Amino acid sequence: MSLYLDNNATTPPDTQVIDVMRCCLEEDWGNPSSAHRAGIAARRRVELARSSFSRLVGCDESQVVFTSGGTEAANLAILGAFRRTHAREPERTLVVCPGTEHPAVLDSIERCRAFGAEVVRLPVDSNGVLDLASFERLLDQRGRMMALCSVMWANNETGVIQPIERIGTLCREHGVLFHTDAVQWVGREPCDLSNLPIDLLTCSAHKLHGPKGAGALVLRKGVVLESRALGGPQERERRGGTENVAAIAGFGRACELASDWLHAERRDAGVSMRDRFEAAVLALHPGAVVNGGDAPRIWNTVNIGFPGLQAQLLVVVFSERGLAVSGGAACASGSLEVSGVLGAMGVDPDTAAGSLRFSLSRDTSDADIDAALELIADVLASF
Ligand code: PLP
């Protein structure tokens, strides 16, 4: 695939990530729990990655639990925190989130029902941003019954950013645990957990040029979970199982590269590139709109609705011409269902069915954007 604008689905692993992983598989392949040299070398790899990750997100190494990815991290954060909280404070039964969350969160929250939870969906506005006034009302009325609130930092389909600082502060005032799914945020935008009211944050390596199969949960100090993966004392007894050393080490290297990129302050160039792309694509189709376009958005994402066109068909046509984009979340593609995120935002069904997500990465060049624009113009002219 020569032109890749689907970086919210996954990013290509950096060559330095691949080098580190190869080293782990060929040389440092020991079990990090072993006391001999091979084990110590593998343990060093894992702990180096923990320190690189901690620096990227601004937390202490003791707060990090490595997992197999964003999905497992969200499962552990939500089910683990709910079960522990509910056991200690049985009156806290309520678990809340907006309908624009990723299925990793939505399904974890649904599963809480089996353990006694009542689930409430929080309303969002037409950009998908949480309706803070109604959330505050709910907290005033039922805050004492609320165990957990989960709101993602940046949306995977639209890039829309939630006011997580305000949400976290409100949760804290009511003794409610706050989880944020930061899979699309970490590595792309600055993150300093030492200054934010977040109790549980989850993220994934493969969205920041790391490998698939690695992710992390960060726990605020003092937050205790019920473990999900039982069977070993790994990760301070919060996630049993022999660590995936190569993937974790690759994740660590990816974090170092992301930190370097963020420090080099090249984000603004990404914003300009995205804005140029967005303006040019909008001009290609009458009635085209940016979904979530009136809210703050993460720099790399643009979701455009083309009323009257079928996104699923466009994805295939673009793919045949060498351009990778997505018609909604990757896990939903292949089905003809309209995106739940756009549905929750109230986007009309015609526009939602014709909505495409274009997502850039730090490696996307101006030449890539020019080539993509030429190809998109050509394809849209034929419809
Ligand atoms: N949360 C969000 C917002 C995502 O975009 C994704 C992946 O697409 C996940 C969670 C799941 O992460 P993983 O693929 O590492 O399980």
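Not measured: the values here are computed from a predicted model. When a ligand or atom number is given, it counts from 1 through the structure's own listing order.
When the salt bridge (Lys or Arg N to Asp or Glu O under 4.0 Å) test is applied to Arg137, no partner is found at least two apart in sequence or on another chain.
Listed by first and then second residue, the salt bridge (Lys or Arg N to Asp or Glu O under 4.0 Å) pairs that reach into residues 20-38 are Asp19-Arg22, Asp28-Arg45, sequence neighbours excluded.
Checked against a 3.5 angstrom limit, the closest N/O atoms of Asp181 and ligand 1 fall inside it. For a threshold of 3.5 Å applied to N or O pairs, the pair formed by Ala154 and ligand 1 contains no separation below that value.
For the atom pair CZ of Arg188 and OG of Ser359, the computed distance is 7.0 Å after rounding to the nearest 0.5 Å. Atom CD of Glu157 and atom CG of Asn303 lie 6.5 Å apart (nearest 0.5 Å).
A donor atom on one side chain and an acceptor atom on the other are not found under 3.5 Å apart for Ser54 and Glu61.
Between Phe358 and Phe277, the distance from one ring center to the other falls under 6.0 angstrom.
With a 4.0 Å cut-off on non-hydrogen atoms, Glu72 does not touch ligand 1 at all. Residue contacts with ligand 1, taken as heavy atom pairs separated by less than 4.0 Å, involve Lys207 solely via side-chain atoms from C-beta onward.
For ligand 1, the atoms closer than 4.0 angstrom to any heavy atom of Ser204 are 13 (P), 15 (O). Near Met152, meaning under 4.0 Å from one of its heavy atoms, ligand 1 places the atoms 3 (C). Proximity to His206 (heavy-atom distance under 4.0 Å) selects the following atoms of ligand 1: 13 (P), 14 (O), 15 (O). For ligand 1, the atoms sitting less than 4.0 Å from at least one non-hydrogen atom of Gly69 are 15 (O), numbered in the order shown with element in parentheses.
The heavy atom nearest to atom 16 (O) of ligand 1, out of those in Val341, Thr71, Val183, Thr100, is found in Thr71.
Between Trp153 and Trp185, the ring-plane angle classifies as parallel under the 30° and 60° cut-offs.
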